[in-house]
Amino acid sequence: MKTIIAERLERLRTVMRREHLAAFIFPSTDPHNSEYVPQHWEGRKWISGFDGSAGTAVVTLNGAALWTDSRYFIAAAEQLRDTEYVLMKERVEGTPTIAQWLWQQIGESGLTEVAIDGMCASASQVEALVAALRGNGGMTLRTNLDPLALIWDGRPPVPDNAVEVQPLQYAGETAHDKLSRLRRSLSQRHADGMLVCALDDIAWLTNLRGTDVHCTPVFVAYLLVSPDSATLYIDGAKVGSDVRAYLEGEGIGLDCYENVGKGLRHYSAYNILLDPDEVNSTLFRAASRQLNVVRGASPVPMMKAVKNEAEADGFRAAMLRDGVAMVKFLRWLRPAVAAGGQTEMSVAAKLHELRAAQPLFRDISFDTIAGYEAHGAIVHYEADSASDAVLEPHGLLLLDSGAQYLDGTTDITRTVALGALSDEQRRVYTLVLKGHLQLQNLKFPDGAAGTQLDAVARMAMWREGMNFMHGTGHGVGAYLSVHEGPHQIRQEWRPAPMCAGMTVTDEPGLYLEGRFGVRIENTLLTVPYLTTEFGRFLQFEPLTLCPIDKAPIVAEMLSGEERGWLNRYHAMVEERLSPMLATEEREWLHEACAPL
């Protein structure tokens with residue numbers, strides 16, 4: 001890999017020298033600011049070898065660096081080893097910003113122009129970068145070059161997979177009605193229309209799904225909404241006659257994907273809302289030269305985040321089937337490990353097999369994380385043939401997985417004792433469990449932000465001088481992206497309110513590098529609790545149905561209240577899953593859910 005990356009960097013630098021560029025910046029996104037992108041836009045991965053979902057690679061004529069967050073510190077260090085890339089740990093004291101590092105690298109070279117592909121960077125990202133570069137030595141930014149088009153031999157094409165209609169029984173609301181709601185929301189913001197760029201927003205608004213992105217049922221397109229029309233810009237090969245007829249009935253026209261710029265030029269309403277965090281810089285700047293732009297946050301993520309009754313019921317049904325697969329897997333796991341021959345990859349494959357046997361299964365919702373012992377401390381670890389660890393009947397296996405069903409998306413983490421554990425492992429496991437239970441059973445005012453809830457999941461571990469650096473919870477889509485906003489539960493301030501109808505995960509963890517990791521995750525639905533003279537209060541309904549391993553628990557570390565919460569959760573799991581299981585599986589579940 002070292003030689004391959006070196007060759008790619010030299011090809012890039014040949015282009016940079018010809019274009020008189022001091023540096024080129026590769027973000028992780030595509031023209032739609034996606035978290036997970038089609039292979040065609042995996043440029044940062046191609047140029048660096050780092051395959052995490054978040055990170056920015058920066059290449060100068062004499063150096064290279066990669067910025068990423070704490071989820072990937074260990075994995076990135078391994079993947080960048082023996083390349084010239086320097087790992088930059090975001091939000092760690094002493095780590096320079098991209099602009100600071102660039103000025104250190106190129107300050108004496110005489111070159112001051114830095115480049116980024118404006119189609120693959122949001123308008124706000126480019127604006128912030130322009131200001132930072134200007135403030136660090138007066139560097140300038142160019143946005144009209146895609147060097148990958150010149151140097152990436154065999155670059156995968158933009159996918160042209162067919163799209164399909166999401167049945168109304170699962171969507172719960174017609175596309176026509178969603179667009180009507182969107183227009184009302186836009187009117188309240190004094191906007192006549194908007195360009196929707198986020199792929200999951202487009203899929204949700206149109207009630208269409210696709211397979212253009214790994215594990216995420218979306219398709220590459222733009223949606224231009226005006227007061228009296230809507231146009232889906234998409235490769236025509238993706239749209240069959242049935243989908244064309246459906247879209248016509250919902251009041252949505254069709255045009256070629258490449259014509260979105262032309263569509264903006266011909267947009268005739270008085271003004272248009274563009275979200276600078278979602279619209280790429282190239283389209284944002286082009287529209288701003290021609291149209292009256294209302295700059296603001298897209299209303300679609302909040303609309304999508306609040307699930308309707310059909311979507312909530314779909315989640316509940318999907319979680320039942322997912323729980324059946326998980327019980328079958330967990331019942332199989334320990335005896336299989338004791339018998340020998342199981343590895344991280346083989347158990348992930350077994351879980352995939354059991355999920356695929358469930359009705360309405362379409363795909364996994366992300367690549368399974370199966371981390372045994374030290375690998376469990378790598379937050380977003382993914383085993384490969386080189387790292388695939390053999391499982392032994394001792395220690396902890398961290399298993400983070402999920403599925404895409406036609407009626408819902410699942411995301412669950414269980415950390416399982418495969419046999420004897422150390423006292424430290426049991427103590428850390430119980431601290432994580434305490435945080436999980438405290439958040440899952442929290443009551444809170446309607447509209448509280450996720451950041452205000454976050455400390456509840458960390459209190460027990462903070463008392464021990466321990467912490468984790470990733471978020472505690474994220475939204476989950478309704479047969480859409482496993483990561484959904486705008487709400488989040490995390491330490492860093494996120495102002496989006498928690499509202500009834502939102503899904504969110506509850507996934508505190510602790511990671512001891514080189515030793516083991518623990519994470520426990522359920523997906524929750526935010527529902528009403530009660531209304532008093534002090535206002536409306538909310539609580540969480542656990543959607544995930546799967547036993548939490550009791551073997552590692554230090555029982556005396558749990559309060560009576562926490563023990564009661566766990567026992568009630570397990571009683572619910574047993575009640576709901578038992579009718580769907582065979583006799584031997586019910587017996588296993590009964591023991592797994594027995595009161596602590």
Side-chain angles (χ1 to χ4, degrees), residues 30-34 118-119 121-127 143 163 171 173-208 218-236 238-239 243-306 485-486:
D30 59 12
H32 306 272
N33 203 39
S34 306
M119 285 296 291
S122 70
S124 60
Q125 181 182 8
V126 167
E127 290 164 0
T143 60
V163 299
E173 184 181 13
T174 67
H176 179 274
D177 288 347
K178 289 178 179 179
L179 288 169
S180 295
R181 278 208 291 139
L182 174 59
R183 291 185 177 105
R184 290 194 295 272
S185 180
L186 291 171
S187 178
Q188 293 170 0
R189 299 165 188 239
H190 306 289
D192 295 323
M194 73 172 293
L195 177 65
V196 186
C197 295
L199 301 185
D200 57 339
D201 288 356
I202 295 168
W204 180 82
L205 276 170
T206 60
N207 288 342
L208 297 177
V218 297
F219 52 93
V220 175
Y222 295 98
L223 182 66
L224 182 59
V225 180
S226 67
D228 53 8
S229 67
T231 302
L232 184 67
Y233 291 88
I234 186 172
D235 183 344
K238 303 162 74 73
V239 185
V243 177
R244 288 177 182 271
Y246 159 79
L247 289 170
E248 183 178 357
E250 298 295 324
I252 302 172
L254 286 170
D255 203 341
C256 296
Y257 178 71
E258 295 79 8
N259 286 347
V260 63
K262 180 180 178 182
L264 287 169
R265 289 194 297 273
H266 292 159
Y267 178 84
S268 58
Y270 175 70
N271 62 27
I272 186 170
L273 185 143
L274 298 180
D275 186 338
D277 291 332
E278 291 193 0
V279 180
N280 67 61
S281 175
T282 298
L283 288 179
F284 195 99
R285 292 174 64 183
S288 298
R289 288 193 293 265
Q290 306 162 47
L291 304 173
N292 295 317
V293 170
V294 176
R295 184 187 178 101
S298 167
V300 182
M302 181 61 78
M303 293 170 60
K304 173 166 53 66
V306 177

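Atom set for the values below is all heavy atoms of this structure, side chains included, hydrogens, waters and symmetry mates excluded.
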(request) Would you give the length of the straight line joining atom CD of Q290 to atom OH of Y267, rounded to the nearest 0.5 angstrom? (result) 13.0 Å
(request) Determine the minimum heavy-atom distance between I202 and A221, stating which atoms define it. (result) CD1-O, 3.1 Å
(request) Flag the pair M194 / P299 as yes when at least one side-chain heavy-atom distance between them is below 4.5 Å, and no otherwise. (result) yes
(request) Output yes when a side-chain donor or acceptor of N207 lies under 3.5 Å from a complementary backbone atom of E173, and no otherwise. (result) yes
(message) Side chains of S281 and Q125, heavy atoms from C-beta outward: is any pair under 4.5 Å?
(response) no
(request) From the options L205, V300, D201, select the one residue that forms a side-chain contact (heavy atoms from CB on, under 4.5 Å) with L223. (result) L205
(message) Let me confirm one number: the CG-CD1 distance from L208 to I234, rounded to the nearest 0.5 Å.
(response) 7.0 Å
(request) Could you pull out the closest heavy-atom pair between Y233 and C256, with the gap in Å? (result) CD2-O, 3.3 Å
(message) Looking at E250 and Y246, would you say the former's side chain and the latter's main chain have a donor-acceptor pair under 3.5 Å?
(response) no
(message) When you compare the side chain of L182 with that of M303, does any pair of heavy atoms fall below 4.5 Å?
(response) yes
(message) Any side-chain to backbone donor/acceptor pair from N271 onto D192? Under 3.5 Å, distance only.
(response) yes
(message) With a 3.5 Å distance limit and no angle check, can you tell me whether S187 reaches the backbone of R183 through a side-chain donor-acceptor pair?
(response) no
(message) Once you measure the plane-to-plane angle for H32 and Y222, does it fall in the parallel (<30°), tilted (30-60°) or perpendicular (>60°) bin?
(response) tilted
(request) Would you check if L273 and R189 make a side-chain contact, meaning some heavy-atom pair closer than 4.5 Å? (result) yes
(request) Using the side-chain contact (heavy atoms from CB on, under 4.5 Å) rule, pick out the option among V239, L232, L199 that qualifies with F219. (result) L232
(message) Could you tell me if the side chain of L283 sits less than 4.5 Å from the side chain of L274, heavy atoms only?
(response) no
(request) Identify the two heavy atoms, one from G485 and one from A305, that lie closest to each other, and give their separation to 0.1 Å. (result) O-CB, 3.7 Å
(request) Give a yes or no answer on whether the side chain of S185 reaches the backbone of R181 with a donor-acceptor pair at less than 3.5 Å. (result) no
(request) Can you see which heavy atom on P227 is nearest to which on A269, and at what distance? (result) CD-CB, 3.8 Å
(message) Using only atom types and a distance under 3.5 Å, with no angle test, would you say the side chain of N259 pairs donor to acceptor with the backbone of K262?
(response) no
(request) Ignoring hydrogens and angles, state whether a donor on the side chain of D277 or S124 is under 3.5 Å from an acceptor on the partner side chain. (result) yes
(message) Would you say that V225 contacts L179 through its side chain, given a criterion of any heavy-atom pair below 4.5 Å between the two side chains?
(response) yes
(request) Taking all heavy atoms of K178 and all of W204, pick out the closest pair and write down the distance. (result) NZ-O, 2.8 Å
(request) Identify the heavy atoms of L264 and A287 that sit nearest to each other, and give their distance. (result) CD1-CB, 4.2 Å
(message) Using 0.5 Å steps for rounding, measure from the CG atom of D200 to the OG atom of S34.
(response) 7.5 Å
(message) Counting C-beta onward and ignoring hydrogens, is there a side-chain heavy-atom pair between V260 and L224 closer than 4.5 Å?
(response) no
(request) Run the numbers on L254 and R244 for side-chain contact (heavy atoms from CB on, under 4.5 Å), then give the verdict. (result) CA-CA 8 Å; L254 286 170; R244 288 177 182 271; 3.5 Å; yes
